[in-house]
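Right, one structure below, let's go through it.
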Amino acid sequence: MTHTDPIAYVDYLDLSGDPQLISQACTQCDAQFFDRRNACASCSATSFVDKPVDRTGRISSFTIVSGPQPYVSAIVDCAGVYVPATIINIAPDAEHVRLAMTVKLTTYSAGRDANGREAIGYAFEPMPEQ
Amino acid sequence: MSDPIWIIGSNMTKFGKHPDLDVLDLASSASLAALEDCSMTMANVDVLAVGNLMNAAGSVGQQLQKQIGQTGIPVFNVANACATGATALRVAIMAIQAGQAEVGMAVGVEKLSGMGLLSGPPEAPRGDTWEPRGRLGALGPTEGHVGTDIMPGVFAQIGMEYGHKYGEVSFDLFARISEKNHAHSTLNPLAAYQKQFTLDEIKNDVMIAYPNTRPMCSGNVDGAAAMIVVSNERKQKLPADVQRRAVKIAASVLTSDPYEPGCQVLPDINTLTRNAAKQAYEAAGIGPEDLDLVELHDCFATAELVHYDNLMLCEPGEAVSFFESGAPWRDGALPVNVSGGLQSKGHPIAATGIANIHEIVTHLRDEAGDRQIEGARVGLAHVIGLGSACGVHILERAS
């Protein structure tokens, strides 16, 4: 990979193919995490495998953080894996964002560094048919 | 069952802006008043536990001793997020339970006025090229990129999650919870804000993080609270007027959060609170139906709702109906946050956990003046700090 390739904004966003989130799944109890691990918080085992997270999920909780550019923060339940995310491509108000709405993974440009290398972040957006 | 431990001295400063008082002024004020409340001095105290989150590495306990009495006793400086004050009290209680002390003092103090929105520690400056950092390998701040970490947003999500699980939550509902606490605050001279708000005023105020508007958030204020606790044996040797005002600690519990799926993504403040409540009811030998009042950790209006359920003040999933029944109003079946709650009192972090207990103590002593819950005999104080830590104390009047 050269430095002109985009870089993921967080480690658990995999840009090698169609973008996806990868969890660290405990090999003993299947608890799933997004951060660098020392051991499992559920069973204390120390081995993990990469596990792709479903690209679609439902909003199990959200808030809309006020400010000059309000943003929607949500927890997305992707088949039992809870993902912290912002919801984009939606009006940031309670008329448009709803609990239990179905959303899908997407990516966005998080800017470029001094070398012109682009960072890619992940977010979720409403399903097209909604 | 082991002998009970008693609260014999208790005090809190007025919460609010105290530009002319520093941390030690506030801590000294509450500590000396708590000692005076039970006719003791520092010479009587065997163990001191002090919480101050903003200066957790500053040995505030020893600094306090240097102002009010260096007697050489062991000092425990504690930090446990918003549960810091309750943790300090828990330490003093454990020292007595362990037979290491007869008289303990717990102090919580914080200077927080003008702090703005609280979230994690600030990031160190970054270079001009991308560099993954931290346990997520993040290239920059996570705020606004990976959801939110600001407290009004996190607790908004916690309240909304309850709605996702059980239905029925709304902006209007959360605003009415805040309306209740602000109405209660008009009777509490120690609250930072004693203003009654109409529902429209609450809903039309500045939105911080939907559905929490500004009056639905606890204010960052200054304050301190202190408490003197004694063993049962020591209590029996105290003057009659001190014994008469003593309040029994029927349960003192501190929990952390057990692993639940998603708990590292959105803090699960429910499981550890429910665990603490269960342990406390069992230790006290009473149930939620026996409570006369509750002070719970309403750092945001959205948090109060979930704790009705977590503390088992209602059946699981019935928090909305519990509120709609009018129960948690001061003239309701089970008054909650008659102090005005953190939304009105303010939330000087490390002081909060002791101040909640002080409010219960005041009612059980029949000393709450205009806001007295008549005939109060049993009360519960709850506090939670993200991370997480939960303190639950159940108190009973002496006779």
Side-chain angles (χ1 to χ4, degrees), chain A residues 3 6-13 29-38 40-43 58-67 69-77 80-87 92-94 97 99-100 108 110-115 117-123, chain B residues 117 119 126-167 169-171 206-214 257-268 300 302:
Chain A
H3 271 239
I7 180 173
Y9 195 79
V10 288
D11 277 347
Y12 58 93
L13 169 61
C29 75
D30 201 41
Q32 293 180 54
F33 305 92
F34 292 115
D35 61 342
R36 180 164 60 79
R37 298 304 302 178
N38 297 89
C40 176
S42 179
C43 74
R58 296 174 82 202
I59 292 179
S60 65
S61 179
F62 73 89
T63 182
I64 303 158
V65 179
S66 299
Q69 290 182 305
Y71 51 89
V72 180
S73 166
I75 305 300
V76 181
D77 177 354
V81 179
Y82 295 90
V83 181
T86 47
I87 308 294
D93 60 56
V97 188
L99 289 170
Y108 65 95
R112 290 179 186 274
D113 69 8
N115 296 334
R117 191 180 189 194
E118 186 177 31
I120 302 292
Y122 77 88
Chain B
L117 290 181
S119 62
R126 287 177 178 266
D128 61 1
T129 54
W130 298 125
E131 180 196 348
R133 184 187 283 178
R135 290 207 162 234
L136 297 179
L139 302 181
T142 54
E143 183 64 36
H145 288 278
V146 185
T148 186
D149 287 324
I150 64 163
M151 291 298 115
V154 170
F155 280 93
Q157 292 184 150
I158 285 167
M160 295 297 282
E161 180 189 49
Y162 192 86
H164 179 61
K165 209 167 164 189
Y166 298 112
V169 303
S170 65
F171 177 35
V206 178
M207 181 62 77
I208 306 294
Y210 178 90
N212 286 322
T213 65
R214 185 170 51 187
D257 41 347
Y259 179 82
E260 292 285 337
C263 76
Q264 296 195 11
V265 168
L266 179 67
D268 171 18
F300 300 92
T302 44

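Quick note: numbers below take in every heavy atom, side chains included, and nothing from hydrogens, waters or symmetry partners. Lettering follows sequence order; numbering is per chain, from 1. Just so it is clear, the structure is predicted and the values come from calculations on it, not from any experiment.
Closest of all the heavy-atom pairs between B:L266 and A:S61 is CD2-OG, 4.4 Å. The nearest pair of heavy atoms linking A:D11 to B:P132 is OD1-CB, 4.5 Å. Of all heavy-atom pairs between B:W130 and A:A110, the closest is CH2-O, 3.8 Å. B:Y259 approaches A:A31 most closely through the heavy-atom pair OH-CB, 3.4 Å. Contact record, A:T63 with B:Y210: OG1-O, 2.6 Å, taken as the closest heavy-atom pair.
Among B:G127, B:G134, B:G137, B:A138, the residue making the largest number of heavy-atom pairs under 4.5 Å with chain A is B:G137. Ranked by non-hydrogen atom pairs under 4.5 Å with chain B, the options A:S60, A:A41, A:A94 are led by A:S60. Contact count versus chain B (heavy atoms, under 4.5 Å) is highest, among A:G111, A:G80, A:G67, for A:G111. For chain A, the option among B:T148, B:V169, B:T142, B:V206 with the highest count of heavy-atom pairs below 4.5 Å is B:T148. Each of B:P261, B:C263, B:G140 has some count of heavy-atom pairs under 4.5 Å with chain A, and the biggest count is that of B:G140. Ranked by non-hydrogen atom pairs under 4.5 Å with chain B, the options A:G121, A:A85, A:A74, A:C43 are led by A:A85.
Enclosure of atom CZ in A:R37 by more than 12 non-hydrogen atoms of other residues, nucleotides or ligands within 6.0 angstrom is indicated.
In this structure, CG in B:L136 is found 5.5 Å from OH in A:Y12, a value given to the nearest 0.5 Å. The distance from the CZ atom of B:R214 to the OG atom of A:S66 is 11.5 Å, given to the nearest 0.5 Å. A:L99 CG to B:K165 NZ: the interatomic distance, rounded to the nearest 0.5 Å, is 13.5 Å. One finds the CG atom of A:D77 at 6.5 Å from the NE2 atom of B:H164 (value rounded to the nearest 0.5 Å).
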(message) Checking B:H145 against A:Y108 for the side-chain contact (heavy atoms from CB on, under 4.5 Å) test, could you report, in this order, the C-alpha distance in whole Å, the side-chain angles of both residues, the deciding distance, and whether it holds?
(response) CA-CA 10 Å; B:H145 288 278; A:Y108 65 95; 2.5 Å; yes
(message) Checking B:T129 against A:R117 for the side-chain contact (heavy atoms from CB on, under 4.5 Å) test, could you report, in this order, the C-alpha distance in whole Å, the side-chain angles of both residues, the deciding distance, and whether it holds?
(response) CA-CA 8 Å; B:T129 54; A:R117 191 180 189 194; over 6 Å; no
(request) I would like to know whether B:R135 and A:N38 meet side-chain contact (heavy atoms from CB on, under 4.5 Å); could you show each step before the answer? (result) CA-CA 11 Å; B:R135 290 207 162 234; A:N38 297 89; 2.8 Å; yes
(request) Check the pair B:Q157, A:I75 against side-chain contact (heavy atoms from CB on, under 4.5 Å), reporting the backbone distance first and the verdict last. (result) CA-CA 8 Å; B:Q157 292 184 150; A:I75 305 300; 4.1 Å; yes
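Here the side chain of A:Y122 pairs no donor or acceptor atom with the backbone of B:V146 at under 3.5 angstrom.
With a threshold of 4.5 angstrom between heavy atoms, A:Q32 approaches chain B through N, CA, C or O but not through any side-chain atom. Proximity to chain B is limited to the side chain of A:Y71, based on heavy atoms less than 4.5 angstrom apart. Proximity to chain B (any heavy atom under 4.5 Å) is restricted, for A:V83, to the backbone atoms N, CA, C and O. Only the backbone of A:I59 comes within contact range of chain B, with at least one heavy atom under 4.5 Å from a heavy atom of that chain.
B:E260 and A:Y82 form no side-chain donor-acceptor contact under 3.5 Å, judged by distance and modelled atom types alone.
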